[in-house]
S.K.: 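Before I ask anything, let me first share the structure, which is written out below as C-alpha cells.
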Amino acid sequence: MTQTFPIEALKKKATPYYYYNIELLRQTLDAVKAEVSKHDNYFVHYAIKANANPVVLKPIMKAGLGIDCVSGGEITASLKAGFPADKIVFAGVGKADWEIEMGIDNNIFCFNVESIPELEVINEIAQRKGKVVNICLRINPNVGAHTHANITTGLSENKFGIDMAHMFDVIKMANEMSNVSFQGLHFHIGSQILEMDDFIALCHRVNELQDKLDAQGIKVKIINVGGGLGVDYDDPIGNPLPPLKEYFDVYNTHLKLRAGQELHFELGRAIVAQCGSLITKVLYMKDNTNKKFAIVDAGFTELIRPALYGAHHKIMNLTSNGPQDTYDVVGPICESSDTFDTDIKLNEVRRGDLIAMLSAGAYGEAMASCYNCRKLPKGYSSEDIMAE
Ligand SMILES: *Cc1c(COP(=O)(O)O)cnc(C)c1O
C-alpha cells in the first residue's frame with residue numbers, strides 16, 4: 001500500500017482540510033488485529049485524543065477496538081461513534097467531578113486513576129450513586145523514552161500517575177474503599193517512541209513491581225501498558241505501517257504476565273497518523289534575497305506539531321512536475337513559529353498549487369484551534385471525496 005492522492009477530487013474542496021485515506025486506516029487496523037489475535041488476553045483501546053473525527057472513529061469501532069478517553073467530551077464522542085461503554089477506559093490527571101459522574105452514569109469499563117485525591121472523589125461519587133466502579137491505578141514507572149521532552153510522560157518529574165513508592169499504600173486504600181474495585185495497574189511512558197528498548201525498560205519495571213505484589217499476595221487482573229508507538233514521519237510513503245509486529249513481540253517476550261492476567265494497550269498515533277494528510281493551497285510565492293517562501297493557506301491553527309514539538313511532516317506538491325527548488329513552507333498566522341518546514345525540496349511551487357502534509361492523522365485536526373478567528377478545518381474520508 002502506498003499513499004496516493006485523488007488529485008482531481010481533492011481540487012474540488014475548499015482548502016485547508018484534512019484528507020483521510022480510509023483504505024490505509026483499514027490496513028493498519030488489520031495489521032493490529034493480526035498481532036492481537038495471536039493472544040486471547042490482549043486488548044487494544046484506541047486513544048481518541050489522537051483524532052476524534054467520526055470518519056476515522058467508525059472503521060476503528062468496526063474493527064472491534066476499545067477506546068481510551070481523557071475527558072468527558074471524549075466519552076461523549078466515543079459513545080456517539082458507537083463504541084460500547086464497557087470498552088471505554090478513562091485516564092487523565094485532572095478529571096472534573098462532572099466527567100467522573102459521566103463515566104459512572106454510562107458504566108464505562110474502567111477509570112485509570114492518577115492520584116489519591118482522585119481515588120477518594122471517585123469512591124465518594126460512586127457511593128452517592130450506589131455503584132461500584134472498576135479502577136486501575138496509573139503508576140509512574142520512572143522510565144524515560146527517547147522522544148521529544150514535551151511527550152515523555154513516564155518520568156517521576158512528569159505530572160502523570162502515582163509514585164511507585166506509594167503503590168502499596170494506594171492499593172490498600174482502594175481495597176478498603178466500598179465503591180471502587182481495584183482491577184490492576186496502568187502505565188504510559190510517552191509518545192512517538194520507535195526505540196523498542198524503551199518499551200522493554202517498561203516491561204522490566206512492570207515485572208519488578210509484579211514480583212513485589214506477588215510477595216504481598218496482591219492479585220492484579222489487568223496490566224495496561226498505555227500507548228506511545230511511533231510512526232515514520234520521514235518516509236511515510238515507504239513505511240505506511242508502524243512496526244506493530246516488533247511492538248507486540250516486545251511485550252510478548254519481555255513482560256511476564258501472571259496466570260489469567262489481561263494485557264491492555266492504548267495506541268493512538270500508530271493507528272491514525274499515516275492515514276491523514278493536511279491539504280493546503282499555495283497563496284503566494286515570496287522571493288527574498290536568500291529564501292523562497294511558499295505561503296500556504298494552512299497554519300499552525302490546522303497543524304501545530306511543527307510549532308509545538310519541532311516536528312517535521314513530509315510535504316509534497318501535488319500539482320507540479322516543475323524542476324525542484326528549495327523552499328520554506330509557511331502559514332498565514334501572525335507568529336514566526338507558523339512555519340511548517342525550512343529549506344525543503346519541492347517541485348517548482350506556484351500560486352494555486354495543492355500541497356499535502358503527510359502523516360498528519362494524529363494530533364493534527366484534534367489539536368486545531370481558532371486563533372486569529374480562523375475556522376476549524378474539516379476532515380473528509382477518501383470514500384466521501386471519491387463519491388462526489
Ligand atoms: C496519549 C495517550 C495515549 C496514546 O498515545 P500515543 O502516543 O498516541 O499512542 C495512551 N494512553 C494515555 C493515557 C495517553 O494519555
S.K.: Pick out which of Y46, F187, Y251 makes a ring-ring contact (aromatic ring centres under 6.0 Å, His included) with F265.
M.R.: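 For F265, the ring-ring contact (aromatic ring centres under 6.0 Å, His included) check succeeds only for Y251.
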S.K.: With no hydrogens and no angle check, is any side-chain donor or acceptor of N224 less than 3.5 Å from a backbone partner on V89?
M.R.: no
S.K.: Are any side-chain N or O atoms of N347 and backbone N or O atoms of P323, one a donor and one an acceptor, separated by less than 3.5 Å?
M.R.: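 The answer is no, because no donor-acceptor pair under 3.5 Å joins these two groups.
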S.K.: Which heavy-atom pair separates C69 from S78 by the least distance, and what is that distance?
M.R.: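 Where C69 meets S78 most closely, the heavy atoms are SG-OG, 3.4 Å.
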S.K.: Please report the closest heavy-atom contact between E35 and F248, naming both atoms and the distance.
M.R.: CB-CD1, 3.6 Å
S.K.: Would a distance-only check, ignoring hydrogens and angles, find a side-chain to backbone donor-acceptor pair under 3.5 Å from Q261 to V220?
M.R.: yes
S.K.: For R258, is there an ion pair with D214 - N to carboxylate O distance below 4.0 angstrom?
M.R.: yes
S.K.: Just checking Y19 against Y380, ring centres under 6.0 Å apart?
M.R.: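 Ring-ring flag for Y19/Y380: false, centres at least 6.0 Å apart.
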S.K.: Using atom types as modelled and distance alone, determine if a side-chain donor or acceptor of N288 lies under 3.5 Å from a backbone N or O of N290.
M.R.: no
S.K.: Is K256 salt-bridged to D211, cutoff N-O under 4.0 Å?
M.R.: no
S.K.: Do you know which two heavy atoms are closest between L57 and N51, and how far apart they sit?
M.R.: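 Reported closest heavy-atom pair: CD2-O, 3.8 Å.
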S.K.: With side chain to side chain donor-acceptor pair (under 3.5 Å) as the criterion, how do H313 and R305 come out once you've worked through the C-alpha distance, each side chain's angles and the decisive distance to 0.1 Å?
M.R.: CA-CA 9 Å; H313 287 262; R305 298 189 65 259; 2.9 Å; yes
S.K.: Locate the shortest heavy-atom distance separating A270 from T28; write the atom from each residue and the value.
M.R.: O-CG2, 3.7 Å
S.K.: Decide, yes or no, whether a salt bridge links R374 with E302 under the criterion of side-chain N to carboxylate O below 4.0 Å.
M.R.: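 Looking at E302 together with R374, the answer is yes, because their closest N to O distance falls below 4.0 Å.
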S.K.: Nearest 0.5 Å, what's the CG-CG distance between N252 and L263?
M.R.: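 Reported value, rounded in 0.5 Å steps: 9.5 Å.
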S.K.: What is the minimum heavy-atom distance between C136 and N112, and which atoms define it?
M.R.: CB-OD1, 3.2 Å
S.K.: So does K58 have more than 12 non-hydrogen atoms from other groups sitting under 6.0 Å from NZ?
M.R.: no
S.K.: Does a salt bridge link D325 with K292, judged by any charged N lying under 4.0 Å from a carboxylate O?
M.R.: yes
S.K.: Got V113 and I122 here, is their nearest side-chain heavy-atom distance under 4.5 Å?
M.R.: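 Contact flag for V113/I122 side chains = yes.
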S.K.: Tell me, with the steps shown, if D198 and L202 meet side-chain contact (heavy atoms from CB on, under 4.5 Å).
M.R.: CA-CA 7 Å; D198 294 340; L202 174 62; over 6 Å; no
S.K.: With a 4.0 Å cut-off on N to O distance, would you call K291 and D328 a salt bridge?
M.R.: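 The answer is yes: the pair qualifies as a salt bridge.
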S.K.: Looking at D40, I'd like to know if its CG atom is crowded, meaning that more than 12 non-hydrogen atoms belonging to other residues, nucleotides or ligands lie closer than 6.0 Å.
M.R.: no
S.K.: Any chance NZ of K129 has more than 12 other-residue heavy atoms, nucleotides or ligands included, within less than 6.0 Å?
M.R.: yes
S.K.: Under 4.5 Å between any side-chain heavy atoms of L267 and L65, yes or no?
M.R.: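 No; the side chains remain at least 4.5 Å from each other.
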S.K.: With distance as the sole test, does Q216 use its side chain to make a donor-acceptor pair with the main-chain N or O of L213 at under 3.5 Å?
M.R.: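 Side chain of Q216 to backbone of L213, a donor-acceptor pair under 3.5 Å: no, none is there.
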S.K.: I need the I193 CD1 to L229 CG distance, nearest 0.5 Å.
M.R.: 8.5 Å
S.K.: Does a side chain donor of either Y42 or E262 reach within less than 3.5 Å of an acceptor in the other side chain?
M.R.: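 Judged by distance alone, the side chains do not pair up.
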S.K.: Take Q183 and S181, measure what side chain to side chain donor-acceptor pair (under 3.5 Å) needs, and give me the verdict at the end.
M.R.: CA-CA 6 Å; Q183 299 291 309; S181 168; 2.9 Å; yes
S.K.: Report yes or no: is the cationic atom of K345 (NZ for Lys, CZ for Arg) under 6.0 Å from the centre of the six-membered ring of Y327, at an angle within 45° of the ring normal?
M.R.: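 Pair K345/Y327 does not count as cation-pi.
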S.K.: In terms of hydrophobic clustering (I, L, V, M, F, W, Y; side-chain heavy atoms under 4.5 Å; direct or indirect links), are L119 and I104 co-clustered?
M.R.: yes
S.K.: With rounding to the nearest 0.5 angstrom, report the NZ to OG1 distance, K281 to T319.
M.R.: 9.5 Å
S.K.: When you check the gap from the basic side-chain N to the acidic O, do R128 and E101 get nearer than 4.0 Å?
M.R.: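 Here R128 pairs with E101 in a salt bridge, since their nearest N and O are under 4.0 Å apart.
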S.K.: Out of curiosity, F111 CZ to I88 CD1, how far, rounded to the nearest 0.5 Å?
M.R.: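 Result: 10.0 Å between the selected atoms.
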S.K.: Hey, is the main chain of Y371 close enough, under 3.5 Å, to the side chain of T301 for a donor-acceptor pair?
M.R.: no
S.K.: In Å and rounded to the nearest 0.5 Å, what is the CG to NE2 distance from N158 to H188?
M.R.: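 So the CG of N158 and the NE2 of H188 are separated by 10.5 Å.
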S.K.: Do V329 and T339 touch side chain to side chain, with heavy atoms closer than 4.5 Å?
M.R.: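 V329 does not reach T339 side chain to side chain.
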S.K.: Flag the pair K212 and E208 as a salt bridge only when some basic side-chain nitrogen lies within less than 4.0 angstrom of an acidic carboxylate oxygen.
M.R.: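 A salt bridge is absent here (no side-chain N lies under 4.0 Å from a carboxylate O).
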S.K.: Could you tell me whether K49 and E74 have a side-chain N and a carboxylate O separated by less than 4.0 Å?
M.R.: no
S.K.: Is the shortest side-chain heavy-atom distance between V296 and V330 below 4.5 Å?
M.R.: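 When only atoms from C-beta onward are counted, V330 and V296 do not touch, as no gap falls below 4.5 Å.
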S.K.: Does a donor on one side chain sit under 3.5 Å from an acceptor on the other, for K131 and N107?
M.R.: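 There is such a pair between these side chains.
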S.K.: Without hydrogens or angle criteria, can the side chains of Q274 and S359 be said to hold a donor-acceptor pair below 3.5 Å?
M.R.: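 Yes, side-chain donor-acceptor contact under 3.5 Å.
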S.K.: So, N106 side chain and I108 main chain: donor-acceptor pair closer than 3.5 Å or not?
M.R.: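 No, the answer is negative, given that no donor and acceptor are paired below the 3.5 Å cut-off.
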S.K.: Quick check: H312 with Y233 (ring centres under 6.0 Å apart)?
M.R.: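 Ring centroids of Y233 and H312 are no less than 6.0 Å from each other.
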S.K.: Is a donor from one side chain sitting under 3.5 angstrom from an acceptor on the other, for H186 and E114?
M.R.: no
S.K.: Is there a side-chain contact between V143 and H204 (heavy atoms, below 4.5 Å)?
M.R.: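 Result no, sub-4.5 Å side-chain heavy-atom pair not found.
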S.K.: Output yes when a side-chain donor or acceptor of K95 lies under 3.5 Å from a complementary backbone atom of G92, and no otherwise.
M.R.: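 Between the backbone of G92 and the side chain of K95 there is a qualifying donor-acceptor contact (under 3.5 Å).
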S.K.: Any link between I60 and V231 through a network of hydrophobic side chains (Ile, Leu, Val, Met, Phe, Trp, Tyr) touching at under 4.5 Å?
M.R.: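 In one cluster: no.
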S.K.: Does N321 have more than 12 heavy atoms from other residues, nucleotides or ligands lying within 6.0 Å of its CG?
M.R.: no
S.K.: Can a donor-acceptor pair be found between the side chains of D353 and N317 at a distance below 3.5 Å?
M.R.: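 There is such a pair between these side chains.
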S.K.: Please check if the number of heavy atoms outside K172 that lie under 6.0 Å from its NZ is greater than 12.
M.R.: no
S.K.: Atom CD1 in I200, atom NE2 in H254: separation rounded to 0.5 Å?
M.R.: 3.5 Å
S.K.: Establish whether I135 and V132 are linked, either directly or via other cluster members, by ILVMFWY side-chain heavy-atom contacts under 4.5 Å.
M.R.: no
S.K.: Should I315 and I355 count as side-chain neighbours, where that means a heavy-atom distance under 4.5 Å?
M.R.: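 Yes, close enough: below the 4.5 Å cut-off.
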S.K.: Begin from the C-alpha positions of F90 and C110 and carry the test side-chain contact (heavy atoms from CB on, under 4.5 Å) through to its verdict.
M.R.: CA-CA 6 Å; F90 184 15; C110 194; over 6 Å; no
S.K.: Answer yes or no: is there a side-chain heavy-atom contact under 4.5 Å between L354 and T15?
M.R.: yes
S.K.: State whether the side chain of H45 and the backbone N or O of E266 hold a donor-acceptor pair below 3.5 Å, judged by distance alone.
M.R.: no
S.K.: Which of parallel (below 30°), tilted (30 to 60°) and perpendicular (above 60°) describes F199 and Y247?
M.R.: perpendicular
S.K.: So, for L25 and P59, which heavy atoms are closest and what is the spacing to 0.1 Å?
M.R.: CD2-CG, 3.8 Å
S.K.: State, with a plain yes or no, whether a side-chain heavy atom of C203 is found less than 4.5 Å away from one of V250.
M.R.: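 Yes - at least one pair of side-chain heavy atoms lies under 4.5 Å apart.
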S.K.: Under 3.5 Å, side chain of N21 to main-chain N/O of L24, donor-acceptor pair present?
M.R.: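 Confirmed, N21 side chain pairs with L24 backbone.
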S.K.: Would a single hydrophobic cluster contain both Y17 and L376, if residues Ile, Leu, Val, Met, Phe, Trp and Tyr are joined by side-chain heavy-atom contacts under 4.5 Å?
M.R.: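 Result: no, two separate clusters.
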